[in-house]
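All of these numbers come straight from a predicted model, not from anything done at the bench. Just so it is clear, the values below take in all heavy atoms, side chains as well, and ignore hydrogens, waters and symmetry mates.
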Amino acid sequence: MRILAIGIGAETQDILLFDTRAPVESSVKMVMPSATEIAARRIRRATQERRPVLLTGVTMGSGPCHWALAAHLAQDLRAFATERAARTFDDDLTVVRAMGVTVVSEDEAASLRGVERIEMRDLDLVAIRSALAAFEAPTQFDGLAIGCLDHGSPPPGVSDRMFRFEHMRRMVRKGSDLHAFALLADEVPEYLTRARSMLACRDADVPTVFVDSGVAAALGALWDPRVREHDEQLILHLGNMHALALHTSGTRIHGLFEHHTDILSGPEIESLAERFLQGELTHEEVFAHHGHGVYYTDNVTTREAFVAVTGPQRGKLRGSRLKPYVATPLGDTMISGCLGLLDAFAARFPNAREEIEAALSTAC
């Protein structure tokens, strides 16, 4: 059985082609620029060449491409976008138009000339298959596991941070377990527009699971024997833009908080984590500090949880008094998210569970 696992972040997309019939160490692994970073590079090139841009495709993650587009418009250069692509920058198209973007129909987009055409999509299986084929790796797979962070599409006047965190609370209330975040394609809510756009780009006949990227990293960290052997964990996923902390007993969730990594210093992360474990960190405090929020599922507090850290910004805790352990499941910290996606796939497709878990266990 082959499963393609893709974890999409702000700057990279981590790709693992997992084959249960071969040693896990032989799996094809790629850490490539994320789709939003690729789009940002293309926009910046158009800016340098003083060319207008036309953004087509679907709604995707913003971040780098949003910043690149703002810089492009600041140079008095034109930008056009179809409605679906424009929602990358804000679900409210009046906000996108206020940025200076001209929103056009698909027919109008097709008739534009003299523009740099940039297709927006987080999931590009054509590009991934091309890279695999270049190295004579298989390009077909039996399952797909994908993850990203999706703020969702909030109603007018509702904070996207608040809307995002309400979604997180809703998922936890389903069962207070990390696997509650593992969603089949038809279970992904309509308001998760980024996730649904990714799913629309997949092979429709391939079994698929979607997981929030921070949760996927936590599930992957638990495949590290050092993390798994403890009764309680504090798993800190420090992505390039977002930080997710999960207090767990295995996959059981006691609480979580989410913030923005880029505005937190190492000492601030330490303080938040310590107060969170003691049940002293409040939702209002984190939200007022431009984070997403805090949610406790029970009254379990501790000073003894084993602290594990994942993510590209884990260096912020180098030398920390938390004494964090860098989770390296299967010896590779960069594929924590991909392994978590495989774990989630196994949880939602019982017929595949035994084969997947047996293949992973041989390497642990």
Side-chain angles (χ1 to χ4, degrees), residues 8-10 34 36 58-70 73 81 83-101 103 120 122 147-174 180-181 183 188-198 210-215 236-246 253 255-265 268-269 271-273 275-276 280-297 311 313:
I8 298 175
S34 65
T36 182
V58 298
T59 304
M60 58 178 273
S62 55
C65 70
H66 194 155
W67 305 325
L69 182 63
L73 293 165
E83 285 195 12
R84 289 192 299 169
R87 294 186 193 280
T88 295
F89 308 101
D90 199 288
D91 291 293
D92 185 347
L93 293 182
T94 61
V95 175
V96 181
R97 292 185 177 97
M99 290 173 58
V101 177
V103 180
M120 312 287 276
D122 275 312
C148 73
L149 185 146
D150 192 340
H151 278 89
S153 175
V158 175
S159 160
D160 63 348
R161 290 184 291 128
M162 185 68 75
F163 191 75
R164 153 76 181 174
F165 202 72
E166 183 54 39
H167 164 72
M168 298 293 281
R169 277 194 289 239
R170 190 178 298 116
M171 292 296 100
V172 173
R173 289 181 189 131
K174 287 171 56 179
F181 286 84
L183 302 175
V188 175
E190 289 189 11
Y191 61 77
L192 292 184
T193 51
R194 181 185 184 189
R196 290 178 67 89
S197 291
M198 288 173 62
F210 170 81
V211 189
D212 186 88
S213 54
V215 175
L236 296 167
H237 176 63
L238 303 181
N240 283 311
M241 292 184 66
H242 292 90
L244 176 65
L246 288 152
I253 301 172
L256 75 160
F257 79 82
E258 193 170 52
H259 213 304
H260 290 100
T261 321
D262 54 341
I263 66 174
L264 293 174
S265 66
E268 286 176 318
I269 297 171
S271 177
L272 290 170
R275 296 181 57 233
F276 168 63
E280 298 173 356
L281 190 65
T282 68
H283 174 79
E284 293 75 17
E285 176 185 355
V286 171
F287 189 78
H289 192 239
H290 303 290
H292 289 179
V294 179
Y295 181 58
Y296 300 99
T297 66
Q313 293 299 316

Do H292 and H242 have their ring centres less than 6.0 Å from each other? yes

Verify whether the ring centers belonging to F276 and Y296 lie closer than 6.0 Å. yes

For residues [X] and [Y], report the shortest heavy-atom separation together with the two atoms involved.
X: A86; Y: V96; value: O-CG2, 3.5 Å
X: G293; Y: V286; value: N-CG1, 3.6 Å
X: A85; Y: M120; value: CB-CG, 4.0 Å
X: S213; Y: G147; value: CB-C, 4.2 Å
X: K174; Y: A180; value: NZ-O, 3.1 Å
X: I263; Y: H290; value: CD1-CB, 3.9 Å

Pair D90 + R97: basic N to acidic O under 4.0 Å: no

Do E166 and R173 sit within salt-bridge range, that is, some charged N less than 4.0 Å from a carboxylate O?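 The answer is yes: the pair qualifies as a salt bridge.
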
So does [Y] get a backbone contact from the side chain of [X], meaning a donor-acceptor N/O pair under 3.5 Å?
X: T88; Y: G61; value: no
X: R196; Y: Y191; value: no
X: S34; Y: A10; value: yes

Measuring only between side-chain heavy atoms, which start at C-beta, is [X] closer than 4.5 Å to [Y]?
X: L149; Y: R164; answer: yes
X: L272; Y: L264; answer: yes
X: T297; Y: Y295; answer: yes
X: V101; Y: F89; answer: no
X: D262; Y: N240; answer: no
X: L256; Y: E258; answer: no
X: V58; Y: M198; answer: no
X: V103; Y: R87; answer: no

What's the verdict on side chain to side chain contact (heavy atoms under 4.5 Å, CB included) for M168 and F181, showing C-alpha distance, side-chain angles and the deciding distance? CA-CA 9 Å; M168 298 293 281; F181 286 84; 3.8 Å; yes

Looking just at side-chain N and O atoms, do H259 and H289 make a donor-acceptor pair shorter than 3.5 Å?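 Short answer, yes.
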
Between [atom1] of [X] and [atom2] of [Y], what distance do you get to the nearest 0.5 Å?
X: E280; Y: S271; atom1: CD; atom2: OG; result: 9.5 Å
X: F163; Y: S153; atom1: CZ; atom2: OG; result: 6.5 Å
X: D122; Y: S197; atom1: CG; atom2: OG; result: 8.0 Å
X: T193; Y: M60; atom1: OG1; atom2: CE; result: 12.5 Å
X: T261; Y: L244; atom1: OG1; atom2: CG; result: 9.5 Å
X: I269; Y: Q313; atom1: CD1; atom2: CD; result: 8.5 Å

Steps toward side chain to side chain contact (heavy atoms under 4.5 Å, CB included) verdict (S159, F287): CA-CA 10 Å; S159 160; F287 189 78; 3.6 Å; yes

Quick check on side chain to side chain contact (heavy atoms under 4.5 Å, CB included): which of R169, M162, R161 does F165 satisfy it with?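 The side chain to side chain contact (heavy atoms under 4.5 Å, CB included) with F165 is passed solely by R169 among R169, M162, R161.
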
